[in-house]
Amino acid sequence: MKQEVVEIIRKALESLQEKWGLECLPDIDIEVPKNEKMGDVATTIAMGLTKSLKRPPKKIAEEIVDEIRGGFKGGDIFESVEIAGPGFINFRLKNEFLHAGLEQLLIEEHSSLRADMGKGHKVQVEFVSANPTGPLHVGHGRGAAVGNALCNIMEAAGFEVQKEFYINDAGLQVKLLGESVFARYLQMSGYDAPFPEDGYKGDYIETVAEEIIKRAGDEYLNKTIEECGDFFSDYAYKMMLADIERDLKDFGVVFDRWQSEKELYERGSVQSALAALHEKTLLYEKDGARWFISTRFGDDKDRVVVKQDGEYTYFASDIAYHKDKLDRGFDTIINIWGADHHGYIPRIKSVLEAFGLPKEKFRVILIQMVALLRHGEPVQMSKRAGEFVTLREVIDEVGSDITKFIFLTRRADSQLEFDIEVAKEQSAENPVFYVQYAFARISSIFRQAAEKRVRGFEGSRVQDVGAGFKPDLSSTLALLTENEELSLIKKLLQYPMVFEGAALSCEPHRITYYLQELAGMFHSYYNKHRVISDNEELTNARLCLCRAVQIVLKEGLSMLGVSAPERM
RNA sequence: GCCCCCUUAGCUCAGUAGGAUAGAGCACAGGUUUCCUAAACCUGGUGUCGCAGGUUCGAUCCCUGCAGGGGGCGCCA
């Protein structure tokens with residue numbers, strides 16, 4: 001839909017270009033007016049041209065409209081072209097054009113809803129990357145849902161996407177994890193062992209210790225933490241990682257690659273990355289430490305990479321990691337972090353720029369906190385005390401589909417309230433059901449149609465519905481003339497614009513909103529008009545419309561990683 | 001102290017890279033089912049877009065200041 005309209009406007013502008021004396025034409029943007037009464041699509045191009053043409057927007061709009069009316073086949077797709085307000089050009093689309101769009105959607109299905117924006121460019125998306133020192137909590141779940149949806153969208157937009165989880169398995173935290181498990185191991189074996197001051201106190205530590213007792217018995221009872229710390233750390237974090245991977249898998253999120261921080265050290269990447277910075281003379285020595293000149297790239301202070309004691313900082317391995325991403329040939333890097341890491345953006349941006357990535361090719365999506373509620377009352381979470389709600393608990397209680405969908409009902413960087421009881425309610429308050437139900441309801445209509453042996457819709461499988469009906473599709477679709485039907489078709493044809501916006505801005509929630517609106521329109525239509533009636537042709541036409549709604553619902557839900565059940 | 005984000009209807013939030021009369025859900029009130037799933041639909045109305053300036057033909061959106069809320073700041077990870 002968008003392309004055809006833009007094309008006509010472009011042609012009109014091209015023929016005016018010489019008269020106007022313009023060197024180059026501006027980008028043409030199309031929007032859907034807020035109020036349906038204003039038209040189906042609109043452009044603000046005339047207002048945008050006021051500066052370069054130095055004339056009032058309405059005059060410019062008049063000229064453009066005259067050109068469109070005078071030719072360019074505008075008459076083929078536009079019912080009317082009008083100027084409104086300060087200089088908007090509003091277009092109303094012909095029913096024939098809408099029907100043709102619907103026909104295309106029915107024939108091409110999902111491929112007509114996507115776009116090749118990526119042209120095969122390689123994008124790397126790193127997300128979740130939780131420390132392997134305990135189970136995932138709900139906040140990680142939100143990051144997982146957003147990252148996964150974003151990857152689905154980018155892939156559908158023609159990018160080659162790699163999903164990656166970075167494992168912080170080299171630092172103090174993992175060491176502390178090992179010490180915590182060791183202490184529990186001793187305690188559970190009847191020894192009076194002190195627990196590390198800032199140790200991990202969750203129950204899962206005991207589970208790991210139990211596991212070790214089962215595997216190794218008393219083998220480590222007479223050893224010191226120095227002797228067996230590595231074993232305990234290794235064993236514990238690997239077990240945690242296995243849990244994390246399983247939780248994510250059950251949540252419907254599968255990573256393409258897991259990059260270990262330790263492995264970066266082992267293969268010398270940290271050293272070589274720093275050497276590379278050194279060659280670019282971006283390192284210096286001060287106070288016995290080694291610093292990276294991140295201020296050269298806009299950071300507000302330089303950052304230490306090697307401490308006075310000769311140890312690398314956490315930042316050093318991050319430099320290696322991000323260099324490694326570039327070395328692997330990605331031309332866009334997207335990092336999804338908890339909002340508390342925002343202070344980290346400038347220094348990582350500095351690293352990537354230092355290694356030659358243009359700054360607009362690096363994007364960080366910050367995930368705000370999830371406020372967990374139960375019956376409107378906040379659920380207390382405190383990782384320190386070992387009491388926190390895990391993603392696993394929420395998945396088990398609420399379900400992955402609902403959880404994912406709710407995580408995607410808000411922009412990533414705004415706080416989210418998640419009421420467990422409301423989420424479970426399965427009522428209209430629950431947007432997931434509202435959307436899924438629209439899909440299921442259509443499936444039900446098809447089952448009904450099959451039962452009544454409506455011509456062309458005998459198939460019982462949803463994908464077969466309407467299959468035998470394509471030859472005379474266009475004359476059938478022309479029967480869709482009710483206001484609700486035309487509005488529904490317009491909404492369907494808007495999907496690609498919503499999708500493009502979501503991909504461009506990395507905002508999956510736009511699709512969530514769209515789906516709720518589409519589902520609402522469908523439910524409303526369903527209540528007003530009967531799909532299956534004695535009028536066979538009209539029945540066929542409406543079944544086709546239902547099929548189209550279903551295709552778009554399924555497409556959108558699959559972008560969010562949410563299922564589209566045929567029965568509920 | 002310095003930096004970042006947020007402030008839109010009673011509540012939770014959208015607002016599409018400055019545009020038209022700022023929207024949706026929930027909550028609240030009333031109604032709809034001989035009929036393809038009532039997990040649905042229909043009808044009601046609410047806003048000094050935190051405040052004050054500025055840029056612009058035009059600002060919820062951009063700039064500056066102020067107020068309130070959240071977060072960050074380490075040779076921690």
Next on the checklist: Give me the distance, rounded to whole Å, that separates G10(B) from G45(B) when you measure between the P atoms they each carry.
Outcome noted: 15 Å

Next on the checklist: Measuring only the P atom in each nucleotide, how far is U48(B) from A9(B)? A whole number of Å is fine.
Outcome noted: 8 Å

Item to check | Annotated protein contacts, base or backbone, on nucleotides 72-77 of chain B with a non-hydrogen cut-off under 4.0 Å, one of B, S, - each | outcome: SSSBSB

Checklist entry - Rounded to whole angstrom units, what separation is found between the OH atom of Tyr526(A) and the C1' atom of U33(B)? => result 11 Å

Checklist entry - According to the side chain to side chain donor-acceptor pair (under 3.5 Å) rule, which pairs have a member within residues 307-316 of chain A, sequence neighbours left out? => result Asn168(A)-Tyr314(A)

Checklist entry - With Lys238(A), which residues qualify under salt bridge (Lys or Arg N to Asp or Glu O under 4.0 Å), at least two apart? => result Asp234(A)

Checklist entry - Mind checking whether Trp337(A) and Phe362(A) have parallel, tilted or perpendicular rings, split at 30° and 60°? => result perpendicular

Next on the checklist: Given the structure, check if the side chain of Asn90(A) and the base of A20(B) hold any donor-acceptor pair shorter than 3.5 Å.
Outcome noted: yes

Item to check | d(CD1, Ile442(A); C1', C36(B)) in whole Å | outcome: 12 Å

Checklist entry - What integer distance in Å separates His523(A):NE2 from C36(B):C1'? => result 14 Å

Checklist entry - Does the side chain to side chain donor-acceptor pair (under 3.5 Å) test come out yes or no for Gln550(A) and Ser443(A), once each step is laid out? => result CA-CA 8 Å; Gln550(A) 219 181 22; Ser443(A) 297; 2.8 Å; yes

Next on the checklist: Mind checking if Ser444(A) touches a base, just sugar-phosphate, or nothing, with heavy atoms under 4.0 Å?
Outcome noted: base

Next on the checklist: Would you measure the distance from the P atom in C13(B) across to the matching atom in G71(B) and give it in whole Å?
Outcome noted: 16 Å

Checklist entry - What is the nucleic acid contact for Ala42(A), judged by heavy atoms within less than 4.0 Å: base, sugar-phosphate only, or nothing? => result base

Item to check | Pairs flagged by ring pair (Phe, Tyr, Trp, His ring centres under 6.0 Å) wherever residues 36-57 of chain A is involved - sequence neighbours left out | outcome: none

Item to check | Inter-nucleotide P distance (C26(B), A39(B)), Å rounded | outcome: 15 Å

Checklist outcome for this item: salt bridge (Lys or Arg N to Asp or Glu O under 4.0 Å) filter on Arg510(A), not counting sequence neighbours, yields Glu507(A)

Next on the checklist: Between Tyr284(A) and Phe292(A) (judged by ring centroids, cut-off 6.0 Å), do the two rings come close enough to count as a pair?
Outcome noted: no

Checklist entry - Looking at residues at least two apart in the chain, or sitting in another chain, which of them share a ring pair (Phe, Tyr, Trp, His ring centres under 6.0 Å) with His529(A)? => result Tyr525(A)

Item to check | Partner residues of Glu179(A) under the side-chain hydrogen bond (donor to acceptor under 3.5 Å, both in side chains) criterion, sequence neighbours left out | outcome: none

Checklist entry - Across the strands shown, which category fits Asp300(A) at heavy-atom distances under 4.0 angstrom: base, sugar-phosphate, nothing? => result nothing

Checklist entry - Whole-Å distance between A59(B) P and Met47(A) CE? => result 13 Å

Next on the checklist: Between U16(B) and C61(B), how far apart are the two C1' atoms, rounded to whole Å?
Outcome noted: 12 Å

Checklist entry - Rounding to the closest angstrom, what is the interatomic distance between C63(B) and U56(B) at atom C1'? => result 12 Å

Checklist entry - How does RNA chain B look in dot-bracket form if you count Watson-Crick and G-U pairs under 3.5 Å, write [ ] for pairs that cross, and put | where a base pairs with another strand? => result (((((((..((((.....[...)))).(((((.......))))).....(((((..]....))))))))))))....

Checklist entry - Looking at residues at least two apart in the chain, or sitting in another chain, which of them share a ring pair (Phe, Tyr, Trp, His ring centres under 6.0 Å) with Phe232(A)? => result Phe182(A), Tyr185(A), Tyr220(A)

Every protein N/O within reach of nucleotides 12-17 of chain B N/O, cut-off under 3.5 Å:
residue : atom : partner   : partner atom : Å
U12(B)  : O2'  : Arg410(A) : NH2          : 2.9
C13(B)  : OP1  : Gln415(A) : O            : 3.1
C13(B)  : O2'  : Arg410(A) : NH1          : 3.2
C13(B)  : O2'  : Tyr513(A) : OH           : 2.6
A14(B)  : OP1  : Arg411(A) : N            : 3.1
A14(B)  : OP1  : Ser414(A) : OG           : 3.0
A14(B)  : O4'  : Tyr513(A) : OH           : 3.3
G15(B)  : OP1  : His509(A) : NE2          : 3.3
U16(B)  : O2'  : Arg510(A) : NH1          : 3.1

Item to check | side chain to side chain donor-acceptor pair (under 3.5 Å): pairs with one or both residues in residues 338-351 of chain A, sequence neighbours excluded | outcome: none

Item to check | Whole-Å gap separating P (C36(B)) and CD1 (Ile532(A)) | outcome: 10 Å

Show me the side-chain donor-acceptor pairs of residues 493-500 of chain A shorter than 3.5 Å, one per line, residues at least two apart or across chains.
none

Checklist entry - Contact class for Ala438(A) (heavy atom, under 4.0 Å): base, sugar-phosphate, or nothing? => result nothing

